[in-house]
Amino acid sequence: MINLLVLIILRGDPTAFQEYWMSTKMKERCVVVIPGWDLMSYFSDKTNVCWFLRQDLAEAIKALHRAIGNAATEERYIVVGNGSTQLCQAALFALSSLSEDKPLSIVAAVPYYSTYEEEASYVQSQLYKWEGDARTFNKPGPYIEMVTSPNNPDGTIREPVVNRGGKVIYDFAYYWPHYTPITHRQDHDIMLFTFSKIAGHAGSRIGWALVKDIEVAKKMVQYLTINSTGVSKESQIRATAILNELTKSCRIKSESFFKYGNEKVKSRWESLRWVVDKTGDKFTLPDYPLAFCNFFGKSSSTYPAFAWLGCNKDKDLKILLKEKYVLKRGGERCGSDKKYVRVDMLGPNKDFQDFLNRLLTIKYPRCFL
Ligand SMILES: Cc1ncc(COP(=O)(O)O)c(C=O)c1O
Ligand SMILES: *[C@@H]1O[C@H](CO)[C@@H](O)[C@H](O)[C@H]1NC(C)=O
Ligand SMILES: *[C@@H]1O[C@H](CO)[C@@H](O)[C@H](O)[C@H]1NC(C)=O
């Protein structure tokens with residue numbers, strides 16, 4: 001019972017897959033040893049647009065996309081970044097500094113990944129301005145729409161909604177087969193991916209952008225040069241080793257990391273749906289359509305990394321959960337309603353279990369009486 005008093009703060013920290021990397025099969029692999037004399041230069045390849053990107057990482061990224069079939073890598077520049085967070089900022093900088101009219105409007109359809117709003121607002125750039133919900137956006141002039149698919153926080157498959165010839169940044173952090181069916185190979189001008197959400201190595205801070213236009217790629221690299229003078233080579237080496245391991249695991253799809261990951265996330269979703277069901281009609285969860293996954297070669301549903309939990313009454317769900325010592329990101333931060341919260345599905349086993357147990361005890365909460 002004492003357990004109940006411990007605050008569970010579930011943020012998007014994807015450690016759920018750690019046991020895979022600790023298994024006897026994997027634990028000796030991906031060990032990276034770096035001698036003291038190695039990796040001393042700022043540069044990786046001075047002839048490359050992204051001069052700090054290691055060639056072996058570039059190859060590992062392309063090989064994994066080929067194995068999964070989720071994105072086109074041909075005739076594209078790869079820009080590596082300090083997480084896709086930095087790349088998103090680099091892309092906003094690149095597109096807006098190349099645009100004639102400024103400030104550029106930045107929009108995303110509600111509910112959106114709340115960090116976009118922070119990224120677009122907090123340096124108070126004169127190049128761009130956060131304008132909120134893409135669906136109600138009607139300001140004339142150039143704009144950038146952020147499209148996250150599957151979406152964080154609600155897991156929906158998304159397309160641009162403004163469609164007035166503006167720029168689109170596609171964030172495919174979750175377009176991997178453990179989360180969602182890979183229905184086609186994405187092929188857009190700017191696509192962002194992150195190492196964080198594939199295998200769970202958020203701490204390495206590695207993301208990459210696949211960029212078609214060389215001018216955009218150059219401007220992104222310029223941003224990264226000024227902002228952090230490149231990206232840690234130690235991190236790039238570790239990411240390379242793990243991405244190559246992921247690609248190797250795909251030779252037999254039923255034994256791949258993605259199969260393991262899919263079962264893990266799926267079973268968490270099943271537990272959560274069971275609990276929500278048990279609590280009567282107090283809570284809501286989105287339903288996802290079945291789609292054919294080219295990677296697994298069969299139909300499956302989406303099992304997002306976050307659950308968009310709602311309550312059926314017009315109440316503040318975050319406050320309700322706080323009474324049970326559970327802290328969640330409230331729907332308002334995603335531009336939506338406070339009757340929703342974002343539940344992290346990739347946290348440690350114990351936190352997830354504790355969360356379910358507490359949710360189960362919200363049978364007749366005060367606000368529903
Ligand atoms: C949609 C989306 N994009 C980007 C990121 C940031 O990833 P990174 O760890 O690479 O900065 C996240 C992390 O939660 C995310 O959900
Ligand atoms: C890098 O970008 C971040 C976010 O815009 C900013 O807070 C930070 O000051 C920048 N650092 C440098 C050295 O430009
Ligand atoms: C990301 O930025 C932080 C802060 O500047 C730095 O400590 C870290 O080494 C960087 N990581 C990578 C992969 O470049």
Side-chain angles (χ1 to χ4, degrees), residues 10-16 32 34 39 42 44 50 52-54 57 61 79-94 96-97 106 108-109 111-128 130 145-158 169-176 179-180 190-209 220-240 242-243 304-308 329 333-335 342-347:
L10 291 187
R11 40 168 55 107
D13 197 16
T15 54
V32 174
I34 302 170
L39 312 181
Y42 283 118
S44 294
C50 189
F52 45 83
L53 166 65
R54 286 177 56 90
L57 176 59
I61 288 169
V79 183
V80 65
N82 197 326
S84 66
T85 302
Q86 192 187 25
L87 290 166
C88 179
Q89 290 165 43
L92 295 182
F93 167 79
S96 56
S97 52
I106 315 285
Y112 47 72
Y113 175 40
S114 55
T115 305
Y116 297 147
E117 177 170 359
E118 290 153 16
E119 283 170 353
S121 316
Y122 120 114
V123 289
Q124 298 177 15
S125 170
Q126 318 229 332
L127 293 174
Y128 47 79
W130 175 253
E145 180 173 353
M146 299 293 313
V147 174
T148 314
S149 186
N151 190 36
N152 171 358
D154 67 354
T156 49
I157 302 302
R158 287 191 156 183
I169 298 174
Y170 287 85
D171 185 335
F172 289 131
Y174 304 101
Y175 192 57
W176 295 96
Y179 301 122
T180 194
I190 304 180
M191 304 188 276
L192 305 182
F193 291 89
T194 169
F195 188 40
S196 300
K197 310 295 163 144
I198 306 176
H201 299 77
S204 295
R205 309 305 307 121
I206 291 285
W208 61 89
M220 288 178 71
V221 170
Q222 184 185 41
Y223 178 92
L224 269 88
T225 303
I226 294 164
N227 195 250
S228 57
T229 324
V231 174
S232 156
K233 287 189 190 168
E234 283 85 350
S235 284
Q236 293 191 51
I237 288 199
R238 181 155 190 249
T240 303
I242 289 167
L243 292 178
F306 295 99
W308 190 233
R329 190 172 290 191
R333 269 188 67 196
C334 305
R342 192 188 78 164
V343 177
D344 177 17
M345 299 299 278
L346 301 182

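One is the number of the first residue; the rest follow in order along the sequence. Each ligand, and each atom within it, is numbered from 1 in the order the structure gives.
By the criterion of a heavy-atom distance under 4.0 Å, both the backbone and the side chain of Ser84 are placed next to ligand 1. Only the side chain of Tyr223 comes within 4.0 Å of ligand 2, counting heavy atoms alone; its backbone N, CA, C and O stay farther away. Counting heavy atoms closer than 4.0 Å to ligand 2, residue Glu119 contributes nothing at all.
Interface of Val123 with ligand 2, defined as ligand atoms under 4.0 Å from a residue heavy atom, comprises 5 (O). Close contacts between ligand 2 and Tyr122 involve ligand atoms 4 (C), 7 (O) [criterion: under 4.0 Å to a heavy atom].
Note on ligand 1: Tyr174 sits in its first shell, one or more heavy atoms being nearer than 4.0 Å. The shortest separation from a heavy atom of Gln86 to ligand 1 is not under 4.0 Å, leaving the residue out of contact.
Of the candidates Thr115, Thr194, Thr85, Leu346, the one placing a heavy atom closest to atom 11 (O) of ligand 1 is Thr85.
Checked against side chain to side chain contact (heavy atoms under 4.5 Å, CB included), Thr240 has the following partners two or more places apart in sequence or in another chain: Asp56, Leu57, Ala60, Asn244. For the salt bridge (charged side-chain N to carboxylate O under 4.0 Å, His left out) test, residues two or more places apart in sequence or in another chain that qualify with Glu118 are Arg333.
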When you pair each N or O of ligand 3 with protein N or O atoms, which pairs come out under 3.5 Å?
residue: ligand 3; atom: 2 (O); partner: Asn82; partner atom: ND2; Å: 2.3
residue: ligand 3; atom: 11 (N); partner: Asn82; partner atom: OD1; Å: 3.4
residue: ligand 3; atom: 11 (N); partner: Asn82; partner atom: ND2; Å: 3.0
residue: ligand 3; atom: 14 (O); partner: Asn82; partner atom: ND2; Å: 3.4
residue: ligand 3; atom: 14 (O); partner: Ser232; partner atom: N; Å: 2.8

Listing, residues 200-209 side-chain donor-acceptor contacts under 3.5 Å, not counting sequence neighbours, or none:
residue: Ser204; atom: OG; partner: Arg238; partner atom: NH1; Å: 3.4
residue: Arg205; atom: NH1; partner: Ala202; partner atom: O; Å: 3.1
residue: Trp208; atom: NE1; partner: His65; partner atom: NE2; Å: 3.0

